[in-house]
**Student:** 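This is the structure I want to talk about, given as structure tokens.
Reckoned from all heavy atoms, side chains included, excluding hydrogens, waters and symmetry mates. The sequence lines fix the lettering, A, B, ..., with proteins before strands; numbering per chain opens at 1.
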2 protein chains.
Amino acid sequence: MDTNLEEKAEILLHTYNLKATKPRLKILSYLMSHHNHPTVEMIYHALNEEINRATVYNTLNALSEVGIIIEIKNGDNSTHYDYFVKPHFHIICKNCGKIADVIYPNFDQIENEMRKNAEEQTGFIASTSHLEIYGLCPNCQIKLKK
Amino acid sequence: MDTNLEEKAEILLHTYNLKATKPRLKILSYLMSHHNHPTVEMIYHALNEEINRATVYNTLNALSEVGIIIEIKNGDNSTHYDYFVKPHFHIICKNCGKIADVIYPNFDQIENEMRKNAEEQTGFIASTSHLEIYGLCPNCQIKLKK
DNA sequence: GTTTTAATTTAGATTATTTCTAAATTGCCT
DNA sequence: AGGCAATTTAGAAATAATCTAAATTAAAAC
């Protein structure tokens with residue numbers, strides 16, 4: 001277990017006024033060190049089924065609410081998560097569900113513009129935004145040609 | 001029943017090489033005349049529970065696959081749908097789930113740019129894209145202040 | 001206008017995902 | 001160290017979506 005990682009996670013949690021509970025430290029550390037876009041189920045198993053599923057759900061909701069992680073609504077109807085490093089979005093394979101990161105330097109700028117526009121038009125106060133693109137990954141392009 | 005509407009729906013279905021079955025005509029007509037961002041459940045009830053739920057699911061998937069309608073992955077973990085008129089995206093209230101349209105003239109242009117970028121970076125072939133913004137609607141802003 | 005055929009619909013069961021409840025535990029402040 | 005609000009837990013319950021195999025149907029072929 002990487003103590004240094006958990007320390008980093010603890011600081012991050014406190015920054016956002018979240019209690020640094022053991023389950024949260026483990027889950028956040030996992031996300032900080034794995035960029036496999038896991039679901040609740042994947043995290044639950046990766047952490048040896050030691051943390052209650054409801055807690056995994058609660059934690060991921062809390063983390064994505066403050067923006068520490070990104071929520072990805074996948075085509076497979078389960079939600080995936082990704083630790084936020086720099087502005088990016090995701091492209092998801094319609095065939096196999098694979099998720100790839102797309103780095104887009106101006107992404108937060110564009111996001112902000114959209115948010116502002118949405119607020120002006122609707123009177124909402126915007127917080128998080130979600131962009132996902134669907135498509136076919138290189139592997140499935142080949143598979144489906146046959 | 002608006003025959004004219006169903007005729008329009010039939011033409012639209014044929015344009016995309018989709019069989020114009022009775023369930024599809026009813027569902028598409030409903031979507032073309034209601035902009036309440038319904039879920040499967042809402043459509044199922046609006047059409048008097050006469051169309052099997054599985055068919056509603058199948059139809060909505062088929063329609064969104066070809067782009068006649070837009071799929072909205074709402075925060076409430078059910079999927080909402082919207083007939084596509086012009087390029088727009090959605091803002092969703094985190095508190096009450098209300099969905100509002102945001103018209104954005106350049107939206108498809110920006111979408112295309114993102115898609116191109118994603119394709120170059122990942123080797124995927126991009127098809128549809130989804131953007132949702134979360135926030136607080138005017139009503140809930142007032143409610144939560146109390 | 002029949003016939004044919006592939007696609008679609010159906011009922012109902014099944015699976016998967018997420019939320020809820022009430023009791024027990026735990027982090028953090030004083 | 002003690003107190004309290006927030007969080008976690010086990011397990012049940014609710015909700016959403018998919019699957020199966022048989023019946024039906026739209027549209028092309030004759």
**Student:** For residues B:N36 and B:Y30, is any side-chain donor paired with an opposing acceptor at under 3.5 Å?
**Tutor:**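 Their side chains do contain a donor-acceptor pair, which is all the 3.5 Å distance test asks for.
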
**Student:** When the distance from NE2 of A:H45 to P of C:dA16 is rounded to whole Å, what number comes out?
**Tutor:** 12 Å

**Student:** Rounded to whole Å, how long is the line connecting atom CG of B:N17 with atom P of C:dT8?
**Tutor:**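 Interatomic distance, CG of B:N17 to P of C:dT8: 11 Å.
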
**Student:** Do B:L47 and B:L63 belong together in a cluster built from hydrophobic side chains that touch within less than 4.5 Å?
**Tutor:**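 B:L47 clusters together with B:L63.
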
**Student:** Does anyone know the first and last nucleotide of DNA chain D in reach of chain B, 5' to 3', at under 4.0 angstrom to a heavy atom?
**Tutor:**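 In short, chain B contacts DNA chain D from D:dA16 to D:dA27.
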
**Student:** Looking just at side-chain N and O atoms, do A:D101 and A:H35 make a donor-acceptor pair shorter than 3.5 Å?
**Tutor:** no

**Student:** What is the distance, rounded to the nearest whole Å, between atom CG of A:L60 and atom C1' of C:dT18?
**Tutor:** 12 Å

**Student:** In this structure, how many angstroms lie between the P atom of C:dC29 and the CG atom of A:L18, rounded?
**Tutor:** 13 Å

**Student:** For C:dG27 and A:H14 - does any side-chain N or O of the residue sit under 4.0 Å from the phosphate oxygens OP1/OP2?
**Tutor:** no

**Student:** Can you name the ring pair (Phe, Tyr, Trp, His ring centres under 6.0 Å) partners of A:Y83, sequence neighbours left out?
**Tutor:** none

**Student:** So which one's nearest nucleotide on DNA chain D is more toward 5', B:E10 or A:K19?
**Tutor:**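 With A:K19 and B:E10 compared, the 5'-side residue is A:K19.
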
**Student:** Let me know the distance between CD of A:E71 and C1' of C:dT17, rounded to the nearest Å.
**Tutor:**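 These atoms are roughly 13 Å apart.
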
**Student:** Let me know the distance between CG of B:L25 and P of C:dT8, rounded to the nearest Å.
**Tutor:**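 Taking CG of B:L25 and P of C:dT8, I get 13 Å after rounding.
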
**Student:** Nearest 0.5 Å please: distance from the CG atom of A:L31 over to the CD1 atom of A:I43.
**Tutor:** 4.5 Å

**Student:** Using heavy atoms to find the nearest nucleotide of DNA chain D for B:D76 and A:T55 separately, return the residue whose nucleotide is more 5′.
**Tutor:**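 By nearest-heavy-atom nucleotide position, the 5'-most residue is A:T55.
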
**Student:** With rounding to the nearest 0.5 Å, note down the distance linking OG in B:S127 to CD in B:E65.
**Tutor:**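 The distance works out to 8.0 Å.
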
**Student:** I want to check one thing: is the phosphate of C:dT18, taken as OP1 and OP2, less than 4.0 Å away from some side-chain N or O of A:R53?
**Tutor:**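 No.
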
**Student:** Let's see if you get this right: which residues in residues 89-97 of chain A place a heavy atom under 4.0 Å from DNA chain C?
**Tutor:**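 Output list: empty, so none.
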
**Student:** Give the ring-plane orientation class for B:H88 versus B:F84, where under 30° counts as parallel, over 60° as perpendicular and anything between as tilted.
**Tutor:**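 Ring orientation, 0 to 90° scale: tilted.
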
**Student:** For A:M114, check side chain to side chain contact (heavy atoms under 4.5 Å, CB included) against everything at least two apart and list the hits.
**Tutor:** A:I110, B:F89, B:Y104, B:F107, B:I110, B:L131, B:I133

**Student:** Rounded to whole Å, how long is the line connecting atom CD of A:E6 with atom P of C:dG27?
**Tutor:**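 Those two atoms, CD and P, are 12 Å apart.
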
**Student:** Could you tell me whether B:T39 contacts a base, only the sugar-phosphate backbone, or nothing, with contacts defined as non-hydrogen atoms closer than 4.0 Å?
**Tutor:** nothing

**Student:** Side chain of B:N77 only, please: which of C:dT8, C:dA11, C:dT19 is the nearest?
**Tutor:** C:dT19

**Student:** Taking the side chain of A:S78 as its heavy atoms from C-beta onward, which of C:dT17, C:dG27, C:dT19 lies nearest to it?
**Tutor:** C:dT17

**Student:** Bend angle of the helix from C:dG1-D:dC30 to C:dT30-D:dA1 from five-pair axes at both ends, rounded to 10°?
**Tutor:** 50°

**Student:** Select from A:E41 and A:N52 the residue whose nearest nucleotide in DNA chain C is closer to the 5' end of that strand.
**Tutor:**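 Upstream on the strand: A:E41.
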
**Student:** Rounded to whole Å, please give me the gap between OH in A:Y44 and C1' in C:dA16.
**Tutor:**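 One finds 15 Å between C1' of C:dA16 and OH of A:Y44, rounded.
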
**Student:** Just wondering, are more than 12 heavy atoms of other shown residues or ligands nearer than 6.0 Å to NZ in B:K98?
**Tutor:**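 Result for NZ/B:K98: open.
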
**Student:** Side chain to side chain donor-acceptor pair (under 3.5 Å): which pairs involve residues 43-56 of chain B, sequence neighbours left out?
**Tutor:** B:E41-B:R53

**Student:** So, for A:H37 and A:Y81, is the gap between ring centers shorter than 6.0 Å?
**Tutor:**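 Centroid distance A:H37-A:Y81: not below 6.0 Å, so no.
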
**Student:** Could you please spell out the steps behind the side chain to side chain donor-acceptor pair (under 3.5 Å) verdict for B:S129 and B:E111?
**Tutor:** CA-CA 7 Å; B:S129 51; B:E111 256 187 320; 2.5 Å; yes

